[in-house]
Structures are given as C-alpha cells and as structure tokens.
Amino acid sequence: MSKTVDILQGAEACAKGAMKAGLSYFAGYPITPSTEIAEMLSILLTKDKKIFMQMEDEIASIVSIIGASLAGAKSMTATSGPGFSLMQEGIGYACMTEAPIVICDVMRGGPSTGDPTKGSQGDVMQARWGTHGDHAMIVICPDSVEEMYYDTIKAFNLAEKYRNPVILLTDETITHMREKVEIDFNEKVELIERKKPVITADKPYLPYGTFDDDVSIIGNLGDGFGTSITGMTHREDGFQSPIPKIGEPLIKRLSRKIEKHSDELFELEIINPNAKTIIVTYGATSRTAKTIIAEGHDEIGLVRLKTLFPLSDNKLIQATKNAERVIVAEMNLGQIFMETKKALACTSTQVELLSKVGGALITPNEMLAFIQEGQS
Amino acid sequence: MKGEKFINPSRIPSIWCPGCGNGIVLHSVLTALEELNYTKDNVIFVSGIGCSSRSSTYTIFDNIHTLHGRAIPIATAIKLVRPDKKVIVMTGDGDSLAIGGNHIIHAARRNIDLTVIIFNNSIYGMTGGQFSPLTPSGKRATTSQFGNIENQFDAMKLLQGAGATYLARIGTYFFTQMTRYIKTALQHEGFGVVEAITQCPVYYGRLNKMATPSDMLLWQKDNLVFKDRLSQSNIEGMDEKLLIGEFVNLNAPSYLQKRKALLERI
Ligand SMILES: Cc1ncc(C[n+]2csc(CCOP(=O)(O)OP(=O)(O)O)c2C)c(N)n1
C-alpha cells in the first residue's frame with residue numbers, strides 16, 4: 001500500500017490513530033488545548049456506530065472510560081491541565097483494577113487555569129505520580145504529528161498488554177501544530193488485545209489470581225464469568241481484603257508488571273551518540289534540538305525520550321556514556337532533569353538544566369547560547 | 001428464601017452491623033430479580049463506596065465496586081457497551097447525592113437506561129455517622145452534635161426536576177411494596193430510581209433517640225406516609241413525616257432509544 005502525504009493537525013492524528021487502534025468508547029469534557037480530539041472523535045466514532053460521550057466533568061469522563069474498558073471496550077479520554085488533575089483518583093482506580101485505558105493529556109501552562117493556549121511540559125511528574133499510592137505508569141511522548149498517530153496506536157497496545165492506564169503525554173504545540181505526514185492509513189498494524197480467561201472444570205475462576213507475566217487475566221463485565229472488581233486491596237477472586245499478606249504481593253505485582261520491562265518500554269531516539277554535549281529532551285522541545293543539529297551542529301548530540309516512564313536508568317546511562325555534558329532541556333522547572341540526575345548519579349557526567357516556563361518554546365538560539373555559554 | 005440463590009456464600013458474613021437495614025434492601029432487590037426471572041448472566045451490579053455499596057459484592061452477578069460517588073458514570077458506560085444487560089446501581093445517600101450529586105442529575109437528564117437503588121440511611125455510615133445531604137434538618141450526627149442546621153434534599157423532587165422517568169420512595173418497613181417498586185424500576189426503560197429508606201441504628205439511631213432497630217422501624221411505620229393516602233389527619237407533624245410512593249412513572253424516550261434512532265438516521 002502507498003503512503004498518503006497529507007497535512008494533519010496533531011489532534012487529528014491522535015483521533016485517527018485511536019480509530020485505527022480500535023477505539024470504541026471515548027468520554028471527555030471540553031478543555032483547551034485538547035478539545036479538537038473530542039470533536040473529531042465525536043464524528044468518527046458516531047459514524048462507525050461506536051460510542052462518544054460528552055460527560056458532565058472530567059471525573060465522570062475518566063471513570064466512564066474505565067467502566068467501558070472493563071466491559072470490554074477499547075476506551076480513551078483526552079484532557080489538559082485542570083481536567084487531568086480531576087482525573088487522578090480515577091487513574092489510580094484503573095491501576096488497581098487493571099483497567100486498560102488511554103489518557104491523552106495535552107499539557108498547557110499551569111498551575112491552576114494557567115495559560116490554556118500555551119504549551120508547557122509541566123505535567124510530567126503528575127503523569128507519573130499524580131494519583132495516590134504506589135503504582136506504575138506508562139507515559140509516552142510524541143514529538144511530531146506523524147508520531148502522534150503511531151504513538152496513539154502504541155498507547156492502546158501497551159494498555160491492553162499490561163492492563164494499565166497509558167498516558168499519551170503531549171503538549172499544546174504538537175497537538176495544535178499542522179505539519180506534513182506520510183502515513184499509510186490502510187496499512188495493517190499490529191493490534192494487541194487483552195487475554196480472555198479460559199475456564200476449566202477443575203479450577204475456580206480467579207480474575208486477580210491468574211496471570212500472564214504478572215498481568216491479571218480478567219473476564220470482561222458482561223461476559224458471564226462472574227467477574228468481581230474493586231478498587232480496594234483484593235483477593236484473587238476480586239473481593240476486598242484487609243489482610244497485609246494479600247495487600248503486599250498485590251501492590252508489588254502491580255508495579256513489577258511494568259517496571260520489569262523498563263528497558264524495553266523506555267524508547268529513545270538518538271542522534272550523534274558520540275558527541276561530547278548531549279541534549280536530553282522530549283516532545284516539542286526536541287524539535288528545537290533537531291533544528292540546531294540539522295543546521296550542522298554535529299558536535300551536539302540528542303537523546304530524545306519517546307517514553308518518559310517507566311524510565312530505564314541503564315538505557316539513559318548507555319545513551320549518554322560518551323558525553324561530558326548532558327543538558328536536559330524542558331518547559332518546566334526541571335522535572336526530567338531531576339530524573340536524569342538520579343539516573344546518572346553513579347557516573348561523572350555533568351547534568352545541567354535548560355528550563356523555560358511561561359508558554360514560549362525554547363528557541364534554537366537560546367539552546368545554542370546555553371550550550372556555548374553555559375548556565376546563565 | 002427468594003433471592004438467596006444470587007448470594008455469594010464465600011463473601012458472607014457482610015460488614016453490616018447487627019440491625020442494619022441494608023440486608024433488607026439487598027434482599028428486596030434480589031427477590032425482584034428472581035421474580036422477574038433474571039439470571040446470573042444478564043445483570044451487572046455497579047456500586048460506589050459506603051456500607052450500602054458493599055451490597056453488590058455479596059452477589060454472584062458480575063459486579064464492580066467503584067469509587068465514592070462514581071458508580072453512575074461507570075454504570076452509564078457499562079450500559080452503553082453492554083446494552084443487552086440489566087445494569088443496576090447500588091448507592092448510599094452520600095455516594096449518590098453528595099459526592100456523586102453532579103453525576104446523578106446528569107444521568108437523570110440523559111434518561112440513561114439504569115436502575116438506581118439509593119440506600120437512604122440518613123447518614124454517612126461507612127465513615128462513622130457524619131451528616132449527609134439526606135440527614136433531616138435538626139438531627140444529630142457526629143459532625144452536627146448540636147443539630148443539623150443544613151436542609152436536606154428531597155431526592156424525589158431533585159431527580160424529577162433533573163428528568164428521571166421513574167421515581168419511587170419506600171422504607172424497609174414496607175418490604176413487599178419495596179420489592180414491587182424495584183420490579184417496576186427494573187422493567188422501566190430509562191432512568192429509574194428507588195430511594196429505599198433504611199435503618200442505621202448504630203450511627204443515626206443512637207444519636208437521635210432511636211437506638212434499636214425496632215425503634216427505627218417503628219419510626220418508619222409512624223412517619224412514612226403513602227402520598228396517595230395523604231389526609232388532614234396524617235399530615236399533622238409533617239415536619240418529621242416523609243411521603244412515600246411512586247412519584248414519577250413516565251414513558252419518554254430513553255438515551256438508548258434515542259441513540260438507536262440517531263444511528264439509524266445517519
Ligand atoms: C473521594 C472520597 N472521599 C471520601 C471517602 C470516605 N468515605 C467513604 S464512604 C463515605 C460516606 C458513605 O456514606 P453513604 O454514601 O451515605 O453510604 P453508607 O455508608 O451510609 O451506606 C465517605 C465519606 C472516600 N472513600 N472517597
């Protein structure tokens with residue numbers, strides 16, 4: 001099949017990717033700069049006789065996609081800053097119940113209402129740790145419209161595979177930007193579907209006691225398995241239990257099922273790996289780094305984080321092992337900088353922060369000046 | 001006993017205190033399901049958080065015990081994904097009308113095809129007896145020791161205003177009538193709610209001079225007045241009294257019916 005050359009908006013690429021992945025239930029509440037995703041999906045899903053719901057708020061949106069998922073649908077929501085904050089309790093519920101869901105958070109200026117129309121990367125740590133309690137999270141971060149399409153499909157696949165929420169963490173710039181893409185929309189892509197329980201006469205059905213590589217095999221609600229689900233610490237049959245001997249292995253397994261795959265989940269794009277100065281960055285900010293390298297600055301390397309979490313220290317150490325200076329460039333006050341420092345603590349590499357907040361992108365000149373003149 | 005076949009014995013005893021009315025409400029729901037010939041495979045129970053919300057987890061049906069206040073939006077999605085199933089929400093007065101108040105009015109407005117059972121024990125039971133939006137004005141709770149100065153919701157009026165198409169209120173004292181209303185609600189197409197007044201002697205009764213379950217049931221006998229039998233004599237002291245009966249029973253297009261029509265049109 002042939003690739004279509006087209007001009008797409010990031011939001012459009014996300015909606016198209018979701019449809020390609022088999023999305024059958026979307027719920028959301030309007031908020032800039034993510035609304036275009038809902039608007040597009042309201043048309044695409046309805047035409048396809050799938051379900052689009054505009055809920056009364058983001059709390060209803062997140063919990064309803066969890067309900068839809070546990071009843072067998074591939075489901076997602078899209079939101080920004082304040083809406084993402086409202087969803088945090090629901091995200092933890094999805095971790096605990098092992099509900100595969102996709103949340104697209106289009107980062108805008110914060111805190112609070114902040115600046116709805118400007119880009120930011122301020123939600124990184126919220127995406128990782130926004131909900132209470134120990135849990136694992138998969139957070140992926142596209143840096144182009146084309147990657148938005150493929151990352152959306154990937155988000156659904158990872159959610160189904162690990163039975164966990166997956167956060168597609170993007171920003172105002174990538175989501176509102178229109179740029180050229182080359183995508184074969186008819187191409188057959190690999191789609192992962194959650195496993196269904198196999199019931200045998202000799203074994204009772206234990207939705208939270210039958211695993212495939214630490215991932216529970218849970219029957220969808222309505223499939224007649226007698227599935228019982230709770231957000232409380234639960235036994236193998238899904239019934240709540242206050243016994244520490246049941247709680248401890250459960251909580252550890254929920255993190256382990258993802259953390260043990262950190263090396264494979266933590267994907268990087270690397271340019272000029274032998275450079276002595278390496279920019280570590282992600283999302284919109286990596287476009288700035290790519291611009292200066294494309295202008296001929298081959299003395300500068302790029303390590304772009306395609307996955308933010310789970311973060312693999314090993315892979316980050318390997319990717320920066322030739323560098324004398326690692327500069328983390330981000331549109332927040334140092335959220336991935338702190339993670340990078342932690343990862344590289346056992347090396348002698350110097351880690352510096354190029355940070356910008358307030359809504360404007362880091363320009364190529366600003367990045368070059370920082371590299372040449374150091375921290376101002 | 002009717003409905004007993006739907007109980008999951010591995011999950012009994014329940015967490016409910018001796019004398020609690022929640023078991024009566026659950027029994028009534030399960031009786032209604034048995035009388036209407038429902039089976040394990042065509043019902044999904046959804047509940048929030050609270051003593052009453054534990055009820056769904058004691059059954060053999062597919063069930064999901066969710067977050068405080070969020071049973072209704074979760075049930076909405078489940079019904080949309082599984083329109084062939086009867087989706088029943090079990091919720092407390094705090095769960096449905098305080099933290100979940102926004103969701104219930106919007107579900108009523110949508111006339112989404114759900115059956116909602118509100119266990120009204122006039123208190124937050126699970127957290128130990130704080131006042132709820134259905135604690136009557138003047139009554140005591142652990143956070144209104146000097147008498148509640150807030151007004152209570154009238155759930156029937158609130159939900160009628162919001163667009164619910166089946167509404168009934170009844171108490172555990174009237175078990176047979178309760179089962180009848182629940183059966184009507186289960187057969188209703190659209191958003192149907194039964195508010196089941198239930199006794200919490202431990203947290204509500206003790207603070208309000210009704211320390212035993214029988215005191216509380218006698219209170220129901222004396223103070224719950226069928227709205228169709230309202231007269232000058234039983235309206236006296238209406239302050240305490242509460243109307244029971246069917247408040248709304250309307251035939252209006254449900255969300256699923258409208259969705260079906262929409263999909264046919266486009
Ligand atoms: C977000 C959140 N806030 C507060 C609580 C604590 N909490 C648990 S149950 C409950 C109230 C229960 O009252 P109600 O819904 O009337 O049910 P009942 O226990 O009386 O049956 C509260 C406040 C919680 N679990 N989650």
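Scope of the values below: all heavy atoms of this structure, side chains included, with no hydrogens, waters or symmetry mates. All chains are named by letter (A, B, ...) in the order of the sequence lines, taking the proteins before the strands, and each is independently numbered beginning at 1.
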> Can Met55(A) and Arg110(B) be said to form a side-chain contact (heavy atoms from CB on, under 4.5 Å), step by step?
Replying inline: CA-CA 10 Å; Met55(A) 297 303 284; Arg110(B) 289 184 189 110; 4.0 Å; yes
>> If you count heavy-atom pairs within less than 4.5 Å of chain A, which of Asp84(B), Leu80(B), Ile266(B), Leu262(B) leads?
In response: Leu80(B)
>> At a heavy-atom distance under 4.5 Å, which candidate from Met96(A), Lys47(A), Lys50(A) has the highest pair count against chain B?
In response: Lys50(A)
>> Which atoms of Ser10(B) are under 4.5 Å from chain A, going by heavy atoms: the side chain, the backbone, both sets, or neither?
In response: both
>> Tell me if the CD atom of Glu193(A) is crowded by more than 12 foreign heavy atoms within 6.0 Å.
In response: yes
> At a heavy-atom separation under 4.5 Å, does Ile66(A) approach chain B through its side chain, its backbone, both, or neither?
Replying inline: neither
> Would you say the side-chain atoms of Asn63(B) and Ser228(A) include a donor-acceptor pair closer than 3.5 Å?
Replying inline: yes
> Do any N or O atoms from the side chain of Asp62(B) and from the backbone of Thr227(A) form a donor-acceptor pair under 3.5 angstrom?
Replying inline: yes
>> I'd like to know whether NZ of Lys183(B) has more than 12 heavy-atom contacts from other residues, nucleotides or ligands below 6.0 angstrom.
In response: yes
> Could you state the interatomic distance from OG (Ser64(A)) to CD1 (Ile72(B)), rounded to the nearest 0.5 Å?
Replying inline: 13.0 Å
> Rounded to the nearest 0.5 Å, how far apart are CZ of Arg259(B) and CZ of Phe52(A)?
Replying inline: 11.5 Å
> Of the backbone (N, CA, C, O) and the side chain (C-beta and beyond), which part of Arg70(B) lies under 4.5 Å from a heavy atom of chain A, both, or neither?
Replying inline: both
>> For a 4.5 angstrom cut-off between non-hydrogen side-chain atoms, does Met53(A) reach Tyr255(B)?
In response: yes
>> If I measure from the heavy atoms of chain A, does Arg109(B) come under 4.5 Å with its side chain, its backbone, both, or neither?
In response: neither
>> For the NE2 atom of His65(B) and the OH atom of Tyr93(A), what is their distance to the nearest 0.5 Å?
In response: 8.0 Å
>> Is a donor from one side chain sitting under 3.5 angstrom from an acceptor on the other, for Glu56(A) and His103(B)?
In response: yes
>> Does this structure show an ion pair linking Lys85(B) with Asp223(A), if we count only N-O contacts that are shorter than 4.0 Å?
In response: no
> Between Ile44(B), Thr76(B), Thr66(B), which has the largest tally of heavy atom pairs under 4.5 Å with chain A?
Replying inline: Thr66(B)
> Counting heavy-atom pairs under 4.5 Å to chain B, which of Gly222(A), Ala68(A), Gly67(A) comes out on top?
Replying inline: Gly222(A)
> In terms of heavy-atom contacts, does NZ of Lys40(B) have more than 12 from other residues, nucleotides or ligands at under 6.0 Å?
Replying inline: yes
>> Between Glu264(B) and Lys49(A), does any NZ, NE, NH1 or NH2 come within less than 4.0 Å of an OD or OE carboxylate oxygen?
In response: no
> Do the non-hydrogen side-chain atoms of Arg235(A) and Arg11(B) ever get within less than 4.5 Å of each other?
Replying inline: yes
>> If you define the side chain from C-beta out and look only at heavy atoms, does anything of Val81(B) sit under 4.5 Å from Ile51(A)?
In response: yes
>> Would you compute the distance between atom CG of Leu263(B) and atom OG1 of Thr46(A) and round it to the nearest 0.5 angstrom?
In response: 7.5 Å
>> Can you confirm whether Tyr29(A) is buried at OH, in the sense that more than 12 heavy atoms of other residues, nucleotides or ligands lie under 6.0 Å from that atom?
In response: no
> Atom OG1 in Thr230(A), atom CD1 in Ile64(B): separation rounded to 0.5 Å?
Replying inline: 8.5 Å
>> Just so I know, are the side chains of Glu89(A) and Leu67(B) near enough to count as touching, which here means a heavy-atom distance under 4.5 Å?
In response: yes
> Closest approach of Arg82(B) and Ala71(A), non-hydrogen atoms and distance?
Replying inline: NH2-O, 3.0 Å
>> For Ile74(B), run the side-chain contact (heavy atoms from CB on, under 4.5 Å) check against Val63(A), Leu70(A), Ile229(A), Ile62(A) and tell me which one passes.
In response: Val63(A)
> Is chain B contacted by the side chain of Tyr25(A), its backbone, both, or neither, given a heavy-atom distance below 4.5 Å?
Replying inline: side chain
